[in-house]
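Everything below concerns the one structure shown next.
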Amino acid sequence: MYHQPVLKNRRTLLERAEKFISDIYFTDCNLRGRLFGDIHPLESISVLLSEKRILYSEAIQLNFQPCKVGDTFGPTWWTCWFKVVLKIPEAWRGKEVHLRWESDGEGMVWRDQQPVQGLTKEGEKTSYVLTECLKDSEPHGITLYVELACNGLFGAGKGSMIAAPDPNRKFTLQKAELVVFNRDVRELLTDFEMLVDIVKILEGEQRGFQALFTANEMVNLCDPANPSSFAAARSLAQKFFAQKNGESQHVVHAMGHCHIDSAWLWPYEETIRKCARSWVTVIKLMENNPEFVFTCSQAQQFQWVKSWYPNLFSEIKQFVQKGQFIPVGGTWVEMDGNLPSGESMVRQFLHGQNFFKDEFAHYCKEFWLPDTFGYSAQLPQIMKGCGISRFLTQKISWNLVNTFPHNTFFWEGVDGTHVLTHFPPGNSYEMKGKVEDLINTVKNNKDKGRANHSGFLFGFGDGGGGPTQLMLDRLQRVRDTDCLPKVQMSSPDVLFSQLESDSSLLCTWVGELFLELHNGTYTTQAKIKLGNRQCEALLHDVEVASCLALCKTDSFKYPACKLQELWRLLLLNQFHDVIPGSCIEMVVEDALKYYDGKPVLLSAYFLLTIDFRRINTQVTETAEPKDSWVPFVIQVDGTIMMENGLLKATIDQTGRLMSLLLLQTNRETIFEGCLGNQFTLFDDVPLYWDAWDVMDYHLQTRKPVIEVIEPAKVVRSGTHQGSVSFSLRISGKSTIRQEIVLDACCPYVKFNTQVDWEESHKFLKVEFPVQVRSPNATYEIQFGHLQRPTHRNTSWDWARFEVWGHKWADLSEHGFGVALLNDSKYGYSIHENIMTLSLLRAPKAPDVNADMGHHNFTYALMPHTGPFQDALVIQYAYNLNFPLHVFHGVISEPWSAFSVNSPAVILETVKQAESRENALLIRLYESHGSSVTTTLSTSLPLHKAWHCDLLERPDSIIPVSKTTSGISLTFKPFQIRSLLLIIK
């Protein structure tokens with residue numbers, strides 16, 4: 001067909017094509033306006049409003065009231081159940097018919113007593129297909145139910161996405177009607193959309209102009225009012241898309257994905273429904289698209305669906321067997337990568353991998369953690385120990401200062417373990433299958449020439465939603481199209497196998513993957529962090545005590561089921577928006593319930609008490625030195641000096657350390673002219689992510705806290721413990737009360753602290769300027785430690801102005817050092833010679849009451865001679881965090897169940913083995929960073945012993961070396977070893 005040639009005016013032709021498919025302009029005559037045909041009203045709509053989330057079986061028994069389009073419902077977090085009665089017109093025979101439903105809440109269609117489709121406007125799911133081609137034999141009269149959550153895909157933030165939820169928000173039913181859906185229009189629109197995007201993205205390139213003129217000619221050929229003209233237009237598009245790439249073109253491995261935060265801007269309970277809404281939609285897509293592959297992580301979410309939606313779970317299992325629905329990750333939840341203890345990280349994998357094995361008959365091969373705020377250098381060893389040698393994330397692309405140099409590389413952990421790691425170059429886990437996503441995947445790949453394959457995760461995420469048919473159609477158009485990467489629907493196993501097969505040129509990154517953002521999460525929501533640390537310790541103690549009872553009392557039943565329940569609650573709270581504190585107040589309340597007297601702390605303590613009382617021989621109280629005491633001297637100026645035989649502390653009236661002498665060497669700890677234990681307050685206003693971020697400029701707003709309410713005074717003296725107390729005013733609303741404690745013959749001074757905190761966008765820290773010069777400081781991490789610079793030479797150093805650590809941090813020079821210990825804090829800053837512990841923040845989003853109220857915590861300062869390893873800093877930090885449990889009247893004689901003859905090796909865990917009632921699992925690790933051989937001795941009746949991996953699978957390759965004194969074990973630096981001991 002001949003047309004008059006047009007001017008080579010890119011703008012006019014591009015805008016012509018854009019307007020032809022616009023949903024705003026010229027919809028009376030353009031193609032978009034023909035997407036839907038006839039409209040027919042519903043027979044009736046009625047509604048049931050519930051404050052609580054109620055089951056389908058319960059809802060349909062209750063009374064529904066008539067309602068109509070335009071009505072509002074709520075408030076926030078309530079649930080609406082709609083009864084929808086419809087009748088499809090006979091005249092629509094042969095047509096594709098949809099229920100079109102639009103609201104600003106999250107909906108799910110129920111049909112024949114089962115969920116069948118998610119409906120979320122923000123997730124581009126606003127219609128449910130009633131029939132693809134109406135037949136006379138099909139039912140025309142149908143009754144459906146729509147369960148509507150009074151919250152959006154991202155909660156109900158008041159004014160912005162991350163603001164605290166608006167508790168009084170109402171949600172509107174905007175559309176509810178039957179429509180004829182014109183599938184041929186949708187197909188042609190997709191052709192146009194992809195061509196228009198190619199024109200925009202490939203501006204100035206030959207292929208971009210080909211797309212431009214193809215789209216223009218398609219407009220010429222297409223009459224929106226005449227469907228018979230569509231075939232010719234589509235033929236032009238297909239001809240364009242069929243022009244193939246060369247063999248060297250980059251390959252994109254497309255995988256459907258639906259990242260669902262287990263809690264964030266919505267509570268745990270709503271996540272259960274988000275999973276159902278998202279996954280039931282995925283199942284429908286799989287039925288219609290056999291090539292579609294979907295990846296899904298978090299065993300906890302699978303467990304929720306299994307419990308609440310058993311039929312849906314059965315369908316998921318069928319598609320897992322077909323290889324379309326692929327469980328990934330191997331962990332119970334997508335946990336924070338910094339804050340959980342080493343043992344907690346092991347349990348994340350242990351519980352997750354065992355669930356996937358039990359339910360789906362295989363372990364996960366890939367660790368999947370796309371949205372966590374940094375990754376511990378111990379993770380590679382933990383992954384490998386759990387049968388995983390591949391890792392996928394993308395969060396490091398969020399770095400605020402430095403661009404990470406790789407997308408595909410080997411990650412080397414603190415012990416030397418390597419895992420193949422991939423960051424999808426599109427820098428997103430929720431791409432939409434658009435041309436821009438594909439081009440960015442190629443353009444952003446930092447390993448061009450080393451890796452020619454990339455992952456491509458598509459689907460709405462964070463709040464769920466997942467892939468859509470439109471995304472699949474987009475990717476199908478450009479599977480092999482000139483100037484775009486090749487696209488293949490793939491799986492993580494196929495992607496990583498390709499990367500492994502051509503990995504000889506890949507680079508290696510050594511050490512932690514530090515996210516240069518979100519470092520306020522080391523401190524936000526201090527009570528959650530306190531609960532986590534305490535519960536990790538309590539569960540440790542319960543397991544140890546239960547194992548001892550198991551060995552000493554034949555009638556004792558190890559509380560395996562109860563411990564599994566408690567561990568899973570703790571692991572759930574380690575989700576990467578809960579333990580970091582970046583969640584709404586409802587989530588905080590739920591998390592604290594899990595920590596508080598009811599299900600974890602009280603249950604664990606109850607178990608511990610029972611275990612000890614069933615054992616007639618157990619831990620005795622440690623005998624205090626008979627002749628030790630802690631004398632005080634109060635000077636004329638009010639300065640207080642106290643001494644315990646190891647340390648001599650001088651404290652001023654404001655509770656600050658004027659001096660801390662290590663008496664063995666008469667070495668001063670506090671830097672000359674400075675004061676230790678100096679509380680400081682900072683303005684804390686980030687750029688956007690309130691609960692997440694603390695920016696470097698906050699350091700310029702430092703204000704010492706010096707206003708005295710009660711000056712320092714002696715509280716206890718002349719016994720085996722001495723203490724001084726004082727109180728300070730932070731502001732008109734906030735105060736600090738502290739007791740400085742020196743125990744006889746204890747190498748550290750403790751600071752038992754109470755804070756009443758009612759601030760807004762402030763950051764409270766405590767500083768210790770010390771007499772130490774070193775370019776690096778050492779921080780405890782999971783099963784080990786690492787060093788970070790104390791200077792800011794480079795942008796990489798500067799970006800670590802606020803870092804994370806666990807129970808201790810140390811700054812040492814040759815012959816002398818200072819350790820800062822704590823019982824519940826994770827944020828540190830050691831710059832030059834100033835050691836700083838982060839205490840409390842006061843963000844207002846997404847929880848307007850974050851950290852408000854009363855806080856109790858303890859930190860300690862420990863000067864020492866020689867290396868911190870030889871000074872037993874690691875052991876003393878354990879002592880601070882694992883206090884002895886004393887029970888009177890149940891002790892006959894002391895005994896030791898286990899001992900290790902090297903101070904470098906920590907016996908971390910004693911528990912019953914997962915699959916053997918007569919076996920104990922013992923976990924040890926090398927803590928000094930040294931190669932060492934040690935002997936594990938036990939007084940228990942040991943029959944057999946095996947090495948095993950972290951999933952407790954025996955390793956027959958590594959023989960157990962037994963001697964007369966015990967089991968001989970060899971460790972490399974920071975190596976984790978697990979043993980199975982058969983005791984009965």
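Because only heavy atoms are used, hydrogens play no part in the values below, and waters and symmetry mates are left out as well, while side chains stay in.
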When you compare the side chains of Trp798 and Asp696, does any donor N or O come within less than 3.5 Å of an acceptor on the partner? yes

Ring centroid separation Phe367 to Phe349 under 6.0 Å: yes

Count the heavy atoms of every other residue, nucleotide or ligand shown that sit under 6.0 Å from CD of Glu359, and state whether that count exceeds 12. yes

Does one side chain, of Thr271 or Trp304, offer a donor that lies under 3.5 Å from an acceptor on the other? no

Check step by step if side chain to side chain contact (heavy atoms under 4.5 Å, CB included) holds for Arg568 and Leu566. CA-CA 5 Å; Arg568 288 183 174 181; Leu566 298 176; over 6 Å; no

Can you list the steps and then say if Trp264 with Ser582 is a side chain to side chain donor-acceptor pair (under 3.5 Å)? CA-CA 7 Å; Trp264 180 29; Ser582 50; 5.0 Å; no

Assess whether atom NZ of Lys844 is packed by more than 12 heavy atoms of other residues, nucleotides or ligands within 6.0 Å. yes

Just checking Tyr826 against His806, ring centres under 6.0 Å apart? yes

Audit row: Glu802, Ser838, side chain to side chain donor-acceptor pair (under 3.5 Å) steps and yes/no: CA-CA 9 Å; Glu802 181 81 6; Ser838 298; 2.5 Å; yes

Does CD in Gln498 sit with more than 12 non-hydrogen atoms of other residues, nucleotides or ligands closer than 6.0 Å? yes

Distance-minimising heavy-atom pair for Val280 and Leu312: CA-CD1, 3.9 Å

In terms of ring plane angle, is the pair Phe313 and Phe360 parallel, tilted or perpendicular, where the classes change at 30° and 60°? tilted

For residues Val694 and Phe801, report the shortest heavy-atom separation together with the two atoms involved. O-CZ, 3.2 Å

Is the distance from the ring center of Trp509 to that of Phe404 below 6.0 Å? yes

With under 30° as parallel and over 60° as perpendicular, where do the rings of His257 and Tyr429 fit, or are they tilted in between? perpendicular

Begin with the C-alpha distance, continue with both residues' side-chain angles, and end with the deciding distance and a verdict on side chain to side chain donor-acceptor pair (under 3.5 Å) for Asn849 and Glu585. CA-CA 7 Å; Asn849 294 310; Glu585 189 171 14; 3.2 Å; yes

Tyr779-His785 aromatic ring centre distance below 6.0 Å: no

On a heavy-atom basis, which atom in Asp261 and which in Gln301 lie closest, and how many Å separate them? C-NE2, 4.2 Å

Using atom types as modelled and distance alone, determine if a side-chain donor or acceptor of Asn444 lies under 3.5 Å from a backbone N or O of Pro425. yes

Determine yes or no for a side-chain-to-main-chain donor-acceptor pair under 3.5 angstrom, with Lys825 supplying the side chain and Thr523 the backbone. no

Would you say the rings of His253 and His453 are close, in the sense that their centroids are separated by under 6.0 Å? yes

I would like to know whether Asp851 and Arg841 meet salt bridge (Lys or Arg N to Asp or Glu O under 4.0 Å); could you show each step before the answer? CA-CA 7 Å; Asp851 281 316; Arg841 295 186 70 222; over 6 Å; no

Does the side chain to side chain contact (heavy atoms under 4.5 Å, CB included) test come out yes or no for Gln378 and Ile382, once each step is laid out? CA-CA 7 Å; Gln378 191 58 275; Ile382 294 174; 4.0 Å; yes

Please evaluate residues Glu430 and Phe458 with respect to the criterion side chain to side chain contact (heavy atoms under 4.5 Å, CB included), reporting the C-alpha separation (whole Å), side-chain torsions for both, the decisive distance (0.1 Å), and the verdict. CA-CA 5 Å; Glu430 52 171 335; Phe458 65 94; over 6 Å; no

If you measure only the distance, is there a donor-acceptor pair under 3.5 Å linking the side chains of Thr468 and Glu124? no

Please determine whether a side-chain nitrogen of the Lys or Arg among Lys434 and Asp197 lies less than 4.0 Å from a carboxylate oxygen of the Asp or Glu. no

Show the nearest heavy-atom pair for residues Ala254 and Val487, with the distance to one decimal. CB-CG1, 4.2 Å

Looking at every non-hydrogen atom in both residues, tell me the closest pair between Phe460 and Gly123 and how far apart they are. CE1-O, 3.2 Å

Hey, does the Lys NZ or Arg CZ of Arg347 hover above the aromatic six-ring of Trp332, less than 6.0 Å from the centre and inside 45° of the axis? no

If every non-hydrogen atom of Ile579 is compared with every non-hydrogen atom of Pro340, which pair is closest and at what distance? CD1-N, 4.5 Å

What's the separation between atom CG in Asn452 and atom CG in Asn445, rounded to the nearest 0.5 Å? 8.0 Å

Can any side-chain N or O of Thr120 pair as donor or acceptor with the backbone N or O of Glu122 at less than 3.5 Å? no

Looking only at side-chain N and O atoms, does Asp684 offer a donor or acceptor that is under 3.5 Å from a partner on His698? no

Identify whether the distance between the nearest side-chain nitrogen and carboxylate oxygen of Arg277 and Glu106 falls below 4.0 Å. yes

Quick check, are the ring centers of His422 and Trp411 under 6.0 angstrom apart? no

Go through it in stages, so that I can follow the logic: the residues are Gln469 and Asn289, the test is side chain to side chain donor-acceptor pair (under 3.5 Å), and I'd like the CA-CA distance, side-chain angles, deciding distance and then a yes or no. CA-CA 9 Å; Gln469 184 63 53; Asn289 302 270; 2.8 Å; yes

Starting from the C-alpha separation in whole Å, work towards a yes-or-no answer on side chain to side chain contact (heavy atoms under 4.5 Å, CB included) for Phe783 and Val346. CA-CA 11 Å; Phe783 297 127; Val346 170; 3.8 Å; yes

Quick check for you: to the nearest 0.5 Å, what is the distance between Gln488 atom CD and Leu475 atom CG? 12.0 Å

Around atom NZ of Lys365, are there more than 12 heavy atoms of other residues, nucleotides or ligands at under 6.0 Å? no

Keeping Arg273 on the side-chain end and Glu269 on the backbone end, is there a donor-acceptor pair under 3.5 Å? no

Taken to the nearest 0.5 Å, the spacing of Gln353 CD from Leu950 CG works out to 11.0 Å

Ring center gap for Tyr828 and Trp804 short of 6.0 angstrom: no

Can a donor-acceptor pair be found, under 3.5 Å and without considering hydrogens, that links the side chain of Asn399 to the backbone of Asn402? yes

Any donor and acceptor pair, going by atom type alone, linking the side chain of Asp690 with main-chain N or O of Ala845 inside 3.5 Å? yes

Report the residue from Gln298, His576, Gln300 that forms a side chain to side chain donor-acceptor pair (under 3.5 Å) with Ser262. Gln298

Is the backbone N or O of Thr408 less than 3.5 Å from a side-chain atom of Asp447, with the two atoms forming a donor-acceptor pair by type? yes

So, Ser344 and Gln348: side-chain donor and acceptor under 3.5 Å apart, yes or no? no

Looking only at the side chains, is there a donor atom on one of Ser491 and Asp493 sitting less than 3.5 Å from an acceptor on the other? no

Hey, do the aromatic rings of Trp279 and Phe302 have their centres closer than 6.0 Å? yes

Is it true that Glu536 and Arg533 have a side-chain N and a carboxylate O under 4.0 angstrom from each other? no

Anything under 30° is parallel, anything over 60° is perpendicular, the rest tilted; go ahead and classify Trp567 against His351. tilted

Can a side-chain donor-acceptor contact be found between His250 and Thr441 if the only test is distance below 3.5 angstrom? no

Look at Glu500 together with Arg390 and state whether they make a salt bridge at an N to O cut-off of under 4.0 Å. yes

Salt bridge or not between Lys432 and Asp437? Use side-chain N to carboxylate O under 4.0 Å. no

May I ask you to check whether Phe423 and Phe409 place their ring centers less than 6.0 Å from one another? yes

